[in-house]
Amino acid sequence: MHEGNAKAVGCDGKEKEMKAINHSAARTSTSLMSIVFVALVGATVLFVAGHAQSSTLHDAAHDMRHATGFPCH
Amino acid sequence: MIQRMLAGGLIAGFAAGLFAALLHFAFVQKLILLGEQYETGALVHFAGSGEMPEAKGHDHGAGDAGPADGHGKNDSEGSAISRNALTVLFTTLIYAGYGLVLVAGFALAEHFGHKIDAQSGLLWGVAGFVTFQLAPAMGLPPELPGTIAAELGARQSWWLGTVVATAAGLALLSYGRGVLSALLAGALLAAPHVIGAPQPDAFWGVAPPEIGAAFAARALGVGLAAWAVLGWVAATLWNKKAE
């Protein structure tokens, strides 16, 4: 939860304190489903770039696979 | 929330991937090309046992890199450029994949009430390096072209098992409580190495071990540096967007 103070002028011409309160409860409630989804997207990228054995993919990714220690041919 | 994870992971991954590619071309690529020269026979390490090598055409001028890995590439200048461009592309892609897995880890840790900041992000980065590169490398060192390894499917299975066990072990070690979870973490971290990685029946690699050793050490060094950047950038972005 964040609190921010901002000066504002009220209708009587005097400065008033305004408090803005952001509820960032959503931050802690990242759903497990979306976590699993993002992890799966990442794992799929790693599988395609690192492990898939189609020869086009293999040739293209060859040097990087060797250098990042993915088992390669 | 999904957008925050995807954007943060991808941006951090591409940044770390570009850094990794830069270090790759500074330290690693020339060793790969040198290994390939032995693999293709352009250079010969030992012609017979106990004899000094007879180096054929031992100059490393431009265009002298030899065919790439016996996969039907030829290293004219144009194909060297496209080869290197593909290496940059796939390095950023791989690090984007690492980045997504990493931020999924951040989200999971936060879900259980653990705060992620730049400092802990750096530690997460190092842990990611241990998980994805160092622990697998203890059984299957990064392979220089022209060296020998066991059958591919078995190595990929061992690699995957090692990554999963190491990730679980490190998470348990960091966030678990009590002696039992520490013991379980130790068992998970040790298990892949107790089982052992698949090894070839005999070693008949044609590239000199000196080059293979330098290649493996440099590949791991580059990995550590890039992962540290990945962890730090991903955690910084993670906090920025949360504010």
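Naming convention: chains lettered A, B, ... in sequence-line order (proteins, then strands); numbering from 1 in each chain. What you see is a predicted model; the values in this text were computed from it and never measured. Just the heavy atoms: all of them, side chains too, but no hydrogens, waters or symmetry mates, feed the values below.
When each of A/Ala49, A/Ala43, A/Ala39 is scored by its heavy-atom pairs under 4.5 Å with chain B, the top score falls to A/Ala49. Interface summary for chain A: among B/Leu6, B/Val28, B/Ile2, the most heavy-atom pairs under 4.5 angstrom belong to B/Ile2. Per-residue heavy-atom pair counts under 4.5 Å with chain A were compared for B/Leu144, B/Leu86, B/Leu160, B/Leu89, and the maximum is reached by B/Leu86. Contact tally against chain A (heavy-atom pairs below 4.5 Å) for B/Ala226, B/Pro142, B/Gly9: the top residue is B/Pro142. The greatest number of non-hydrogen atom pairs below 4.5 Å with chain B, out of A/Gly69, A/Pro71, A/Gly50, is found for A/Pro71. Chain A forms more heavy-atom pairs under 4.5 Å with one residue of B/Phe112, B/Phe215, B/Trp158, B/Trp159 than with any other, namely B/Trp159. Residue with the most contacts toward chain A among B/Leu140, B/Ile94, B/Leu220: B/Ile94 (heavy-atom pairs, distance under 4.5 Å).
Evaluation of the salt bridge (charged side-chain N to carboxylate O under 4.0 Å, His left out) test over residues 139-153 of chain B, restricted to residues two or more places apart or in two chains, returns B/Glu143-B/Arg155.
The contact between B/Val103 and chain A is made entirely by side chain atoms (from C-beta outward), counting heavy-atom distances below 4.5 Å. Heavy atoms closer than 4.5 Å to chain A are found nowhere in B/Phe106, neither backbone nor side chain. When heavy atoms are compared at a cutoff of 4.5 Å, B/Ile32 approaches chain A solely by way of its side chain, counted from C-beta outward.
For B/Gln29 and B/His24, the side-chain atoms include at least one donor-acceptor pair closer than 3.5 Å. When only modelled atom types and interatomic distance are considered, A/His62 and A/His58 share no side-chain donor-acceptor pair under 3.5 Å.
For B/Phe132 and B/Tyr98, the distance between ring centers is under 6.0 angstrom.
Ion pairing between a basic and an acidic side chain is recognised when a charged N comes within 4.0 Å of a carboxylate O; B/Arg83 and B/Glu36 show such pairing.
Once rounded to the nearest 0.5 Å, the distance linking CG of A/Leu46 with CZ of A/Phe70 reads 5.5 Å.
Residues passing the side chain to side chain contact (heavy atoms under 4.5 Å, CB included) test with B/Val229, sequence neighbours excluded: B/Ala16, B/Phe19, B/Val233.
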